[in-house]
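To keep things clear, I will list the structure first and then write my remarks on it.
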Amino acid sequence: MIFLIIGGSLLFLVLIIFLILRNQLIRAENLVDASFADMDVQLVRRHELIPKLVGIASGYAKHEAGLLEEIAKKRTGIWDKEDDFPQILTKINVIKEAYPDLKADQSFEKLLAQIRETENHLLYSRQFYNGVVEAYNAMQEKIPYSWFAKSGKHTKRNYVQANTEQHETPNTSV
């Protein structure tokens, strides 16, 4: 009777250990899948956000270019006439007050900051994914996890790596 209790307890302990190890491997695999999905989220963000930001900034730059042309025409008109210097200054001040400060450079700085932030999020997502893949692949090689990995359900994952074109220096000519 005591042997049955000890045997049953050992079998129960082995079963619990088996389940714990199997669940840890499944959890690691799920973390790999989740981190890959997070990387996809960042790629979608970049795909949707950057064209919108570029459109906004270029539209504002066109608007500002039109304002600058109009100001230049009005200033040219001031100097063409035979006016006294005080009247010219008054006209310049009126023109200056009629147009707000032009801020295209600030919108371009914001655009660049958003692009930089988006690329940094993507970089961190890739780094996290590669770290999780490294841990998952290493876990599969260690005993007792390797016993579960050999069942065929758990396969090694690949790292996110740069392709051949990304190893070359980018062309910056316009």
Side-chain angles (χ1 to χ4, degrees), residues 1-65 100-174:
M1 180 75 166
I2 190 105
F3 291 115
L4 281 176
I5 294 173
I6 293 173
S9 297
L10 285 176
L11 185 60
F12 182 72
L13 182 63
V14 168
L15 180 63
I16 293 297
I17 291 172
F18 173 82
L19 291 175
I20 290 171
L21 295 174
R22 183 176 178 280
N23 288 342
Q24 286 176 340
L25 188 61
I26 290 171
R27 182 172 181 242
E29 183 178 34
N30 289 340
L31 187 58
V32 169
D33 292 340
S35 64
F36 189 81
D38 289 345
M39 199 169 35
D40 267 353
V41 167
Q42 295 303 324
L43 288 169
V44 169
R45 178 178 185 247
R46 177 175 69 176
H47 179 76
E48 292 175 353
L49 179 68
I50 291 178
K52 289 177 185 175
L53 291 172
V54 169
I56 290 168
S58 63
Y60 195 82
K62 287 178 186 176
H63 169 72
E64 193 166 287
D101 290 336
L102 302 178
K103 298 184 183 351
D105 60 330
Q106 291 176 3
S107 63
F108 286 116
E109 286 177 26
K110 288 178 184 176
L111 167 68
L112 290 175
Q114 285 287 328
I115 291 172
R116 210 174 299 121
E117 179 184 342
T118 300
E119 291 300 321
N120 284 339
H121 284 295
L122 188 55
L123 172 71
Y124 296 141
S125 294
R126 287 175 178 153
Q127 288 174 336
F128 181 75
Y129 174 79
N130 282 345
V132 170
V133 166
E134 189 277 326
Y136 176 67
N137 288 345
M139 181 183 276
Q140 290 185 51
E141 295 175 2
K142 296 176 184 174
I143 295 176
Y145 298 104
S146 62
W147 300 334
F148 303 109
K150 289 179 184 176
S151 70
K153 285 185 175 181
H154 305 281
T155 57
K156 287 193 172 190
R157 302 293 179 93
N158 295 324
Y159 297 103
V160 173
Q161 297 178 346
N163 61 33
T164 307
E165 293 173 4
Q166 292 170 326
H167 282 277
E168 298 174 7
T169 305
N171 184 2
T172 57
S173 62
V174 178

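Bear in mind the structure is a predicted one, so any value in this text is a computation, not a measurement. Only this structure's heavy atoms are used, side chains among them; waters, hydrogens and symmetry mates stay out.
Side-chain contact check for V132 versus F36: every heavy-atom pair is 4.5 Å or farther apart. At least one side-chain heavy atom of S125 sits less than 4.5 Å from a side-chain heavy atom of Q42. Looking only at side-chain heavy atoms (C-beta outward), L43 and D40 come within less than 4.5 Å of each other.
Of all heavy-atom pairs spanning Y129 and V32, the tightest one is CE1-O, 3.6 Å.
Considering only residues two or more places apart in sequence or on other chains, E134 meets the salt bridge (charged side-chain N to carboxylate O under 4.0 Å, His left out) condition with none of them. Checked against side chain to side chain contact (heavy atoms under 4.5 Å, CB included), L4 has no partners two or more places apart in sequence or in another chain.
Rounding to the nearest 0.5 Å places NZ of K142 at 12.0 Å from CG of L25. The CG atom of L21 sits 9.0 Å away from the CE atom of M139 when rounded to the nearest 0.5 Å. We find the CD1-CG distance between I20 and L15 to be 10.0 Å, quoted to the nearest 0.5 Å. The distance from atom CG of L11 to atom CD1 of I6, rounded to the nearest 0.5 Å, is 13.5 Å. In this structure, OG1 in T118 is found 11.0 Å from CZ in R116, a value given to the nearest 0.5 Å. Here the CZ atom belonging to F18 is positioned 10.5 Å from the CH2 atom belonging to W147, to the nearest 0.5 angstrom.
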Does the side-chain contact (heavy atoms from CB on, under 4.5 Å) test come out yes or no for N137 and V133, once each step is laid out? CA-CA 6 Å; N137 288 345; V133 166; 3.4 Å; yes
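Summarising the local packing, CZ of R45 is surrounded by more than 12 heavy atoms from other residues, nucleotides or ligands at distances under 6.0 Å. More than 12 non-hydrogen atoms from other residues, nucleotides or ligands lie less than 6.0 angstrom from CG of L13. More than 12 non-hydrogen atoms from other residues, nucleotides or ligands lie less than 6.0 angstrom from CZ of R157. Within 6.0 Å of atom OH in Y124, 12 or fewer heavy atoms from other residues, nucleotides or ligands are found, so the atom counts as exposed in its surroundings.
A donor-acceptor pair under 3.5 Å is formed between the side chain of N130 and the backbone N or O of V160. Looking at Q140, its side chain does come within 3.5 Å of a backbone N or O of T155 through a donor-acceptor pair.
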